[in-house]
Amino acid sequence: MNDEDSAPSKLMLWNDPADKIDFDNHEDHKCSQEIELAFDNECRLHWKTAQHKFNDLTVLKMLFQREDYDEDDDDTEVRICYIGLKGNYKGPKSRRAVHTIYEAASNPNDHELSAKANQMNNSSIGK
């Protein structure tokens with residue numbers, strides 16, 4: 001078998017942060033990007049991804065297929081000798097908003113525990 005005969009012709013990529021896509025259910029989920037591959041014995045070809053589809057990437061799922069792929073044929077073989085990934089980490093896209101409440105001076109009525117403590121202190125002072 002020639003390497004070209006077993007080389008994949010299509011790559012499907014999913015940005016799967018929930019880590020729920022697998023071989024059994026991948027057809028139920030639209031892939032983030034599909035790339036038509038060409039045989040490259042010397043690893044000189046590079047394929048670019050649509051960067052906006054992979055922002056905040058945590059889990060990348062990759063499915064390689066051949067044009068003549070047949071699910072019922074156990075002899076269908078896809079060989080991959082090298083996968084090179086490259087990119088630049090640019091940090092988080094933006095800082096997420098944080099909901100915070102600030103008090104200039106505490107109000108005991110806002111804090112049940114503090115109100116009970118004040119009642120106990122006031123009752124022990126009067127004795």
Side-chain angles (χ1 to χ4, degrees):
M1 176 182 275
N2 184 340
D3 286 341
E4 191 169 356
D5 294 337
S6 62
S9 58
K10 180 169 60 170
L11 168 61
M12 297 167 64
L13 302 169
W14 286 269
N15 183 352
D16 185 19
D19 198 14
K20 292 185 178 183
I21 299 172
D22 58 23
F23 288 116
D24 296 329
N25 67 6
H26 74 275
E27 292 175 344
D28 300 337
H29 302 275
K30 185 176 188 271
C31 66
S32 302
Q33 185 170 354
E34 187 172 313
I35 300 172
E36 293 296 324
L37 303 174
F39 178 70
D40 178 19
N41 197 32
E42 297 179 5
C43 300
R44 293 184 186 204
L45 296 176
H46 300 268
W47 291 271
K48 292 190 176 198
T49 57
Q51 184 177 352
H52 68 280
K53 294 182 179 183
F54 298 96
N55 287 337
D56 299 328
L57 179 73
T58 54
V59 178
L60 176 65
K61 299 290 175 83
M62 305 168 79
L63 177 63
F64 293 89
Q65 289 184 337
R66 287 187 10 207
E67 282 181 13
D68 60 348
Y69 175 73
D70 183 8
E71 278 187 30
D72 299 327
D73 184 8
D74 291 338
D75 293 334
T76 303
E77 186 177 278
V78 175
R79 287 188 185 180
I80 301 169
C81 296
Y82 176 78
I83 298 174
L85 303 174
K86 68 179 187 176
N88 297 319
Y89 177 69
K90 296 181 180 177
K93 191 163 77 172
S94 64
R95 298 183 79 181
R96 304 206 191 287
V98 176
H99 180 70
T100 308
I101 299 173
Y102 295 95
E103 292 180 308
S106 64
N107 181 351
N109 295 332
D110 290 342
H111 308 283
E112 184 177 332
L113 188 59
S114 297
K116 286 182 181 178
N118 285 338
Q119 287 176 354
M120 291 172 80
N121 285 339
N122 290 338
S123 64
S124 64
I125 293 174
K127 289 186 180 184

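Rounding to the nearest 0.5 Å gives a distance of 13.0 Å between NZ of Lys20 and CG of Asp28. For the atom pair Leu37 CG and Arg66 CZ, the distance stands at 13.0 Å (nearest 0.5 Å). Taking CG from Asn41 and OH from Tyr82, the interatomic distance works out to 14.5 Å, rounded to the nearest 0.5 Å. Going from atom NZ of Lys10 over to atom CD of Glu36 covers 6.5 Å, rounded to the nearest 0.5 Å. The CZ atom of Phe39 lies 10.5 Å from the CG atom of Leu45; values are rounded to the nearest 0.5 Å. A distance of 5.0 Å separates NZ in Lys86 from NE2 in His46, rounded to the nearest 0.5 Å.
The side-chain contact (heavy atoms from CB on, under 4.5 Å) test with Val59 is passed by exactly one of Ile21, Asp19, Asn15: Asp19.
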Trace of the side chain to side chain contact (heavy atoms under 4.5 Å, CB included) decision for Trp47 with Leu13: CA-CA 12 Å; Trp47 291 271; Leu13 302 169; over 6 Å; no
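Closest heavy-atom contact between Lys48 and Gln33: O-NE2, 3.3 Å. Heavy atoms only, all atoms of each residue included: Phe54 and Trp14 are closest at CE2-C, 4.4 Å. Contact detail for Glu67 and Ser9: the closest heavy-atom pair is N-OG, 2.8 Å. Closest heavy-atom contact between Asp40 and Arg44: OD2-N, 2.6 Å.
Under the 4.5 Å side-chain contact rule for hydrophobic residues, Leu57 and Leu11 share a cluster. The hydrophobic cluster containing Ile80 also contains Met62, counting ILVMFWY residues as joined when their side-chain heavy atoms lie under 4.5 angstrom apart, directly or transitively. Clustering ILVMFWY residues whenever any of their side-chain heavy atoms sit less than 4.5 angstrom apart, transitively, puts Ile83 in the very cluster that holds Ile35.
Judged purely by atom type and a 3.5 angstrom limit, His26 uses its side chain to pair as donor or acceptor with the backbone of Phe23.
Within a 6.0 Å sphere centred on CD of Glu34, heavy atoms belonging to other residues, nucleotides or ligands number more than 12.
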